[in-house]
Amino acid sequence: MELPAAFGTRKSKMYLWLILPELYQSAFASKYLANTEEIEAPAAGPFPASILQLTHLKSVYLARSNFTGRLPDGIGALTNLASLFLDSNRFQGTIPISFNNLVALQALSLLIGYNPIYSPIPKELWSLVNLVKLEMCQCGLTGSLAGVGALSHLEELDACHNDGGIPPNEPPQISRLKSLHLIGNPRLQGQLWDFQRMNSVHG
């Protein structure tokens, strides 16, 4: 069965895919979206598991889409992703370990304000060595940012309003860092920073 002409555009197919019952999403994705490289479509409900079939994806923009539930563990299968924006939804649970497979990522947005993830900061993030932008503000994350110094390409880091700490010697290791936001992390109180080695950074 072919789609009516009214659903011929990529954007229309995205909308239709996300409003289909989950039972039919997988077959629809395989037939009509298999070679899709970009997704940008508002939706609601659980994160669509059939997105994991779209292995050509380079960009996923599903911010402010009212998604609920957990991020699927298999998200690491999307190894061509260069940008992933999931901010301002209502995701819960932990950040999948499989994130460490997303080595092509350049811009990772986990600015999940109002998303009650509430999990330890995943060490797997520090294997994403191509990251330029990492936003994970107001995620309810806990623990240490130890390891962030490995992200040598990072230019923007926003981890404000969590409950995380960061070794003072690590941010100066990120030579390209231009923007650093860590306000609202109680564990950082009283730490001393070597700002002379961070001349390019603004808050």
Side-chain angles (χ1 to χ4, degrees), residues 9-19 25 29 33 35-119 121-122 124-141 145 148 151 153-162 164 176-182:
T9 67
R10 180 177 63 87
K11 188 173 183 179
S12 297
K13 290 176 182 176
M14 295 289 177
Y15 277 101
L16 182 57
W17 166 55
L18 290 171
I19 64 174
Q25 283 185 353
L33 301 172
N35 295 315
T36 298
E37 295 186 356
E38 297 182 7
I39 283 182
E40 181 179 356
F47 189 86
S50 55
I51 199 173
L52 304 182
Q53 298 174 224
L54 309 181
T55 55
H56 292 270
L57 283 174
K58 295 181 180 179
S59 175
V60 171
Y61 186 89
L62 294 176
R64 301 173 181 85
S65 297
N66 207 29
F67 282 119
T68 59
R70 300 172 65 93
L71 289 170
D73 292 334
I75 198 168
L78 304 178
T79 54
N80 289 313
L81 278 182
S83 58
L84 175 61
F85 295 89
L86 300 172
D87 52 288
S88 303
N89 286 285
R90 292 187 292 153
F91 292 119
Q92 297 178 340
T94 58
I95 297 173
I97 293 176
S98 65
F99 261 51
N100 65 348
N101 295 327
L102 304 179
V103 294
L105 277 178
Q106 296 174 351
L108 173 61
S109 177
L110 281 177
L111 190 146
I112 313 187
Y114 318 109
N115 282 17
I117 285 185
Y118 296 110
S119 77
I121 297 170
E124 290 74 26
L125 290 177
W126 316 141
S127 65
L128 305 179
V129 295
N130 292 314
L131 281 182
V132 174
K133 180 178 181 179
L134 176 58
E135 296 183 359
M136 47 187 183
C137 181
Q138 298 185 39
C139 298
L141 295 175
L145 285 161
V148 69
L151 304 182
H153 295 278
L154 201 65
E155 296 181 3
E156 298 180 43
L157 173 60
D158 186 348
C160 64
H161 298 292
N162 288 292
R176 301 186 184 184
L177 195 63
K178 298 177 181 178
S179 178
L180 178 64
H181 298 273
L182 297 173

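For the numbers below, each heavy atom of this structure counts, side chains included, while hydrogens, waters and symmetry mates do not.
Closest non-hydrogen pair, Ser179 versus His181, comes out as OG-NE2, 3.1 Å. Across Val129 and His153, no two heavy atoms sit closer than the pair O-CD2, 3.1 Å. Between Ser59 and Leu81, the shortest heavy-atom contact is N-CD2, 3.8 Å. Heavy atoms only, all atoms of each residue included: Leu151 and Leu131 are closest at CD1-CD1, 4.2 Å. When every heavy atom of Pro72 is checked against every heavy atom of Pro96, the shortest pair comes out as O-CG, 3.5 Å. Across every non-hydrogen atom of Ala104 and Asn130, the tightest pair is CA-ND2, 4.4 Å.
Considering only heavy atoms from C-beta on, Phe99 comes within 4.5 Å of Leu84 through its side chain. In this structure the side chain of Ile51 reaches within 4.5 angstrom of the side chain of Leu62, judged on heavy atoms. A 4.5 Å side-chain heavy-atom check between Thr68 and Phe91 finds every atom pair outside the cut-off. Residues Val148 and Leu125 are not in side-chain contact: their nearest non-hydrogen atoms beyond the backbone lie 4.5 Å or more apart. The side-chain heavy atoms of Leu141 and Ile95, taken from C-beta on, include a pair separated by under 4.5 Å. The closest side-chain heavy-atom distance from Leu157 to Leu177 is below 4.5 Å.
To the nearest 0.5 angstrom, His56 atom NE2 is 8.0 Å from Glu37 atom CD. Atom CG of Leu154 is separated from atom CD of Gln106 by 12.5 Å, given to the nearest 0.5 angstrom. We find the CG-OG distance between Leu102 and Ser83 to be 11.5 Å, quoted to the nearest 0.5 Å. Taken to the nearest 0.5 Å, the CD atom of Gln25 stands 10.0 Å off from the CG atom of Leu33. Between the NZ atom of Lys178 and the NZ atom of Lys133 there is a distance of 13.0 Å, given to the nearest 0.5 Å. Note that the CD atom of Gln92 and the CG atom of Leu71 stand 11.0 Å from one another [nearest 0.5 Å].
Ring pair Phe85/Tyr61 is tilted by interplanar angle, where 30° to 60° counts as tilted.
Not a single donor-acceptor pair under 3.5 Å links the side chain of Ser88 to the backbone N or O of Arg64. Asn162 places a side-chain N or O within donor-acceptor distance of the main-chain N or O of Cys139, the cut-off being under 3.5 Å. Using a distance-only test at 3.5 Å, with no hydrogens or angles considered, no donor-acceptor pair links the side chain of Asn100 to the main chain of Leu128. Under a 3.5 Å cut-off, the side chain of Asp87 and the backbone N or O of Met136 do not form any donor-acceptor pair.
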key: Derivation of the side-chain contact (heavy atoms from CB on, under 4.5 Å) call for Asp73 and Ile97   = CA-CA 7 Å; Asp73 292 334; Ile97 293 176; over 6 Å; no
query = Going through the distances and angles, do Thr79 and Val103 end up as a side-chain contact (heavy atoms from CB on, under 4.5 Å)?
reply = CA-CA 7 Å; Thr79 54; Val103 294; 6.0 Å; no
request  = Start with the C-alpha gap between Leu86 and Phe67, add the side-chain angles, then the distance that decides, and say whether side-chain contact (heavy atoms from CB on, under 4.5 Å) holds.
outcome  = CA-CA 9 Å; Leu86 300 172; Phe67 282 119; 5.9 Å; no
message = Does Leu57 form a side-chain contact (heavy atoms from CB on, under 4.5 Å) with Glu38? I'd like the steps, not just the answer.
response = CA-CA 6 Å; Leu57 283 174; Glu38 297 182 7; 5.7 Å; no
